[in-house]
**Q** 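My questions all concern the structure below.
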Amino acid sequence: MGPELCAIESGAIEPGIIEVALGQRCSSGGKALVTYLTGGLGQWQTALLAAADAGADVLEVGIPFSDPVMDGPVIQEANDHALVNGATPLAVLEAIGRLDIGVPVAVMTYYNIVLRFGLKRFASVLASCGVAGAILADMPLEEAGPWVQAADAAGVETILLAAPTASEERLERICERSRGFVYGVGLLGVTGVRSDLAASAAVIAKRLKPLTHKPVLVGVGVGTPEQAQQVCQIADGVVVGSALVRCMLEENDPSALGLLVSQFRKALD
């Protein structure tokens with residue numbers, strides 16, 4: 001085991017506010033809903049408030065990046081729009097910090113942004129802007145040590161992705177070190193709305209649930225309330241992204257976004 005893995009697996013850390021919020025939802029018999037929106041896209045700040053009001057337990061905000069390798073055409077288009085309109089990582093984070101949202105916020109981005117920002121500085125800015133967690137989509141577990149140390153020191157929950165191709169031993173390590181929740185990737189491929197829920201979505205949830213007491217949420221390929229309801233027969237909740245981003249691209253109407261989130265909330269309840 002390399003030094004990076006030793007570093008990220010050592011020491012007990014108390015649950016952060018994302019894990020607590022999702023745990024409260026699950027312990028009461030409910031299913032958790034995390035909603036994703038691209039920072040800098042249209043009326044995104046008002047849309048965040050609408051998603052929280054409509055029942056999202058946690059808000060995930062994408063920090064736009066020019067090469068979002070995990071994301072499909074919808075979120076890629078949203079990134080392009082946001083970048084053309086001048087969105088920067090710091091501007092997105094500072095805007096989040098000015099909002100009174102009422103539910104925990106996590107950001108999702110790519111490691112190059114964090115590296116150029118500076119690991120400790122990025123973690124510190126997240127914390128100062130009221131951001132509770134971070135998902136770095138292209139950061140492998142084996143190289144996560146430096147970021148995880150910086151995030152832990154700042155009180156930021158590092159949410160790790162669990163791929164359906166991972167071995168049991170690797171899933172165990174991901175569950176051990178993920179904070180906030182364990183993010184089960186529902187299918188092999190990029191984000192996007194599909195007509196049918198991939199069988200792998202249920203499989204990854206079944207594999208993860210026995211390995212952890214943390215909330216297990218499934219995202220990527222969960223695009224309709226019916227699909228969310230289906231995967232939550234096993235998972236503790238879902239992450240919904242492309243369907244919401246598409247709504248904002250097509251309508252740029254926070255009230256329409258709120259209505260869509262409420263449909264997911266109703267399906268899970």
**Q** If the threshold is 4.0 Å, N to carboxylate O, is there a salt bridge linking R207 and E168?
**A** yes
**Q** Treating Ile, Leu, Val, Met, Phe, Trp and Tyr as nodes and any side-chain heavy-atom pair under 4.5 angstrom as an edge, say whether L249 and I63 lie in one connected cluster.
**A**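 Both belong to a single hydrophobic cluster.
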**Q** Among L48, L37, L93, find the residue that satisfies the side chain to side chain contact (heavy atoms under 4.5 Å, CB included) test when tested with V61.
**A** L48
**Q** Quick check for you: to the nearest 0.5 Å, what is the distance between K214 atom NZ and E157 atom CD?
**A** 10.0 Å
**Q** Taking all non-hydrogen atoms of both residues into account, name the closest pair between V103 and A56 and its distance.
**A**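 Between these two residues, the closest heavy atoms are CG1-O, 3.7 Å.
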**Q** Is the closest basic N to carboxylate O distance between D236 and R25 below 4.0 Å?
**A**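 Salt bridge: no.
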**Q** Count I, L, V, M, F, W, Y as connected when their side-chain heavy atoms are under 4.5 Å apart, and connections chain through other members. Are I17 and V107 then in the same cluster?
**A** no
**Q** Of all the heavy-atom pairs spanning A51 and T35, show the shortest one and how long it is.
**A**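 Minimum heavy-atom separation between A51 and T35: CB-OG1, 3.8 Å.
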**Q** Is V92 close to P64 at the side-chain level, that is, under 4.5 Å between some pair of heavy atoms?
**A** yes
**Q** Find the distance between CG (L119) and CZ (F117) and round it off to the nearest 0.5 Å.
**A**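 If we round to the nearest 0.5 Å, L119:CG and F117:CZ are 11.5 Å apart.
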**Q** For S124 and R121, indicate whether the former's side chain and the latter's backbone hold a donor-acceptor pair under 3.5 Å.
**A**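 No; zero donor-acceptor contacts below 3.5 Å.
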**Q** Taking all non-hydrogen atoms of both residues into account, name the closest pair between E169 and R173 and its distance.
**A**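 That closest heavy-atom pairing would be OE2-NE, 2.6 Å.
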**Q** If I take atom CG from residue L259 and atom CZ from residue F264, how far apart are they, to the nearest 0.5 angstrom?
**A**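 Spacing of CG (L259) from CZ (F264) equals 11.5 Å.
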**Q** Less than 4.5 Å apart, side chain to side chain, heavy atoms only: is that true for R170 and E142?
**A**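 R170 reaches E142 side chain to side chain.
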**Q** L49, M248: one ILVMFWY side-chain cluster at the under-4.5 Å cut-off?
**A** yes
**Q** Quick check: closest heavy atoms across L171 and A166, and the distance to 0.1 Å?
**A**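 In terms of heavy atoms, the two residues are closest at CD2-CB, 3.6 Å.
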**Q** Does any non-hydrogen side-chain atom of V238 lie less than 4.5 Å from one of C232?
**A**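 Yes - at least one pair of side-chain heavy atoms lies under 4.5 Å apart.
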**Q** Tell me, do N79 and S66 make a side-chain contact under 4.5 Å, heavy atoms counted?
**A** no
**Q** Closest approach of A54 and G258, non-hydrogen atoms and distance?
**A** CB-O, 3.2 Å
**Q** Does any non-hydrogen side-chain atom of V216 lie less than 4.5 Å from one of I234?
**A** no
**Q** For side-chain contact (heavy atoms from CB on, under 4.5 Å), just list the numbers for L257 and T46, CA-CA rounded to whole Å, side-chain angles, deciding distance to a tenth of an Å, and then say yes or no.
**A** CA-CA 10 Å; L257 184 284; T46 306; over 6 Å; no
**Q** Using side-chain heavy atoms (C-beta onward) and a distance below 4.5 Å, is F181 in contact with V239?
**A**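 A side-chain contact exists here, since the closest heavy-atom pair is under 4.5 Å.
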**Q** Say you draw a straight line from CG of L136 to CG of L161; how long is it, rounded to the nearest 0.5 Å?
**A**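 So the CG of L136 and the CG of L161 are separated by 9.0 Å.
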**Q** Give, for atom CG of D80 and atom CZ of F65, the distance between the pair rounded to the nearest 0.5 Å.
**A**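 Answer rounded to 0.5 Å: 12.0 Å.
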**Q** Is V131 close to V156 at the side-chain level, that is, under 4.5 Å between some pair of heavy atoms?
**A** no
**Q** Got a donor-acceptor contact below 3.5 angstrom from the N252 side chain to the Q43 backbone?
**A** yes
**Q** Output yes when a side-chain donor or acceptor of Q227 lies under 3.5 Å from a complementary backbone atom of G223, and no otherwise.
**A**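 Yes; judged by distance alone, with no hydrogens or angles, the pair exists.
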**Q** Assigning hydrophobic clusters by single linkage (Ile, Leu, Val, Met, Phe, Trp, Tyr; side-chain heavy-atom cutoff under 4.5 Å), is L41 placed with I113?
**A** yes
**Q** Working to the nearest 0.5 Å, report the span between NZ of K31 and CZ of R265.
**A** 11.0 Å
**Q** Side-chain heavy atoms nearer than 4.5 Å, only ILVMFWY residues, links allowed to pass through others: does that put L83 and V245 together?
**A** no
**Q** Are side-chain heavy atoms of D138 and Y110 found at a separation under 4.5 Å?
**A**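 Answer yes - side chains close enough.
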**Q** Closer than 3.5 angstrom, by distance alone: can the side chain of S27 be matched with the main-chain N or O of Q24 as a donor-acceptor pair?
**A**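 A pair under 3.5 Å: yes.
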**Q** Short question: side chain of D57, backbone of V34 - any donor-acceptor pair under 3.5 Å?
**A** no
**Q** Do you know which two heavy atoms are closest between A134 and L126, and how far apart they sit?
**A**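 Taking A134 first and L126 second, the nearest heavy atoms are CB-CD1, 4.0 Å.
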